[in-house]
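Down below is the structure, laid out as structure tokens.
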2 protein chains.
Amino acid sequence: MLTKEQLADFLHKNGYKATPQRLAVYECLAQTQEHPTAEMLYERLLPSYPSMSFSTVYKTMDMLHRLNLVKRINAGEESFRYDADTGAHEHICCTKCGRVEDLRLDLAPVRKEAGSKSQYDVQSQELYLYGVCPACKMKK
Amino acid sequence: MLTKEQLADFLHKNGYKATPQRLAVYECLAQTQEHPTAEMLYERLLPSYPSMSFSTVYKTMDMLHRLNLVKRINAGEESFRYDADTGAHEHICCTKCGRVEDLRLDLAPVRKEAGSKSQYDVQSQELYLYGVCPACKMKK
DNA sequence: ATACAATTTATAATTATTATGATTTGCCTT
DNA sequence: AAGGCAAATCATAATAATTATAAATTGTAT
């Protein structure tokens, strides 16, 4: 999670320009807990950046992802979501309301089991949990 | 994993017709360990079913999936893969050669941890592991 | 064997994402 | 502080997987 200044520095150090669009896209993502899609980001940015283009959002997300500044979340939905928290963590999705929340789990035992059973060198994993969130449990 | 006859019965009991196309699509999937995409199935079926249409493959997979006769595998690739093994199991993907293999892991502890940390009623989960398969380790 | 609803086929539509190219702009150099 | 240029933005077109549509065909109950 970087400040605007830290992101600008980081971009410069990697040979990229720190454009207002890039800073705004990252800031918008860093401010929310909702794991927005590219479209959600675009819609939120439009009021303050009327010239913002859809392709700028996509290109920016692609760059931030390559630089490991954001996570791509593929929870089996029609489009990707993004997360400015790049630390190791998982996601749980509510099957009623569609929200996606962060979750920190200990997957070391599972990785170990996977490595020994498969004989692969395990490099990473993606775990998505699905269920009913507390709020939706109440509504029922 | 059903035989042709069992699948025909099952389809009839659920109000569907047991067409040669449907039986062939399922049989093709059940015969392989490779977790093919719709396109791979189509290409494999074309020689023996020259009239087979792409949309029949898609519609058949959609129906088999709704009837819980196949699993949809979303390993972050550009298209879905399918698996005729519907029992609880995970998948591990080789980042060098792209192969996808089955893996049976004990996720009960992780589900329990997820439920207590998130307060969700956990219904299901999808876990994808990524690494280098034994064959690709040798090649290096 | 017939009839009819379900299915197949071919094609068009949809949707998320990526590519293209002309215009604009950040930023380095002076 | 201004100029120049590579890089970035914007608008639009292209791509690719999947889904929808509708006419022709076919499985199956009678």
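Chain A is the first sequence line, chain B the second, and so forth, proteins listed ahead of strands; every chain is numbered from 1.
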Could you tell me how far apart [X] ([atom1]) and [N] ([atom2]) are, to the nearest whole angstrom?
X       : N      : atom1 : atom2 : value
B:Asn74 : C:dA16 : CG    : P     : 15 Å
A:Asn14 : C:dG26 : CG    : C1'   : 17 Å
A:Met63 : D:dA7  : CE    : P     : 14 Å
B:Tyr42 : D:dT18 : OH    : C1'   : 15 Å
A:Tyr49 : D:dA11 : OH    : P     : 16 Å
A:Arg66 : C:dT18 : CZ    : C1'   : 13 Å
A:Leu46 : D:dC10 : CG    : C1'   : 13 Å

- Query: Heavy atoms, side chains only, cut-off 4.5 Å: are A:Asp83 and A:His91 in contact?
  - Reply: yes
- Task: Taking the side chain as every heavy atom from C-beta outward, state whether B:Glu126 and A:Tyr130 have any atom pair closer than 4.5 Å.
- Result: yes
- Message: With nearest nucleotide decided by heavy atoms, which residue, B:Tyr16 or A:Gly15, maps closer to the 5′ end of DNA chain D?
- Response: A:Gly15
- Before accepting this row, confirm whether a basic side-chain N of the pair B:Arg44/B:Glu34 lies closer than 4.0 Å to the acidic partner's carboxylate O. yes
- Message: Regarding A:Asp85 and A:Arg104, does a basic nitrogen lie under 4.0 Å from an acidic carboxylate oxygen?
- Response: yes
- Item | Donor-acceptor pair (no angle test) under 3.5 Å: A:Ser55 side chain, D:dA11 base | yes
- On a plain distance test, is the side chain of A:Lys59 in donor-acceptor contact with the base of C:dT20 below 3.5 Å? yes
- If you check the A:Lys17 side chain, which of C:dA16, D:dA6, C:dT7 turns out closest? D:dA6
Under 4.0 Å, counting only non-hydrogen atoms across every strand here, what does [X] touch: a base, just sugar-phosphate, or nothing?
X       : answer
A:Ala18 : sugar-phosphate
B:Thr37 : nothing
B:Ser79 : sugar-phosphate
B:Phe54 : nothing

Between [X] and [N], does any side-chain N or O lie under 4.0 Å from OP1 or OP2?
X       : N      : value
A:Arg22 : D:dT9  : yes
A:Thr19 : C:dG26 : no
B:Gln21 : D:dT26 : no

- Query: Under 3.5 Å, is there a donor-acceptor pair between the side chain of A:Arg81 and the main chain of A:His35?
  - Reply: yes
- Walking DNA chain C from its 5' end, the first of A:Tyr58 and A:Pro20 to be reached, judged by nearest nucleotide, is A:Tyr58
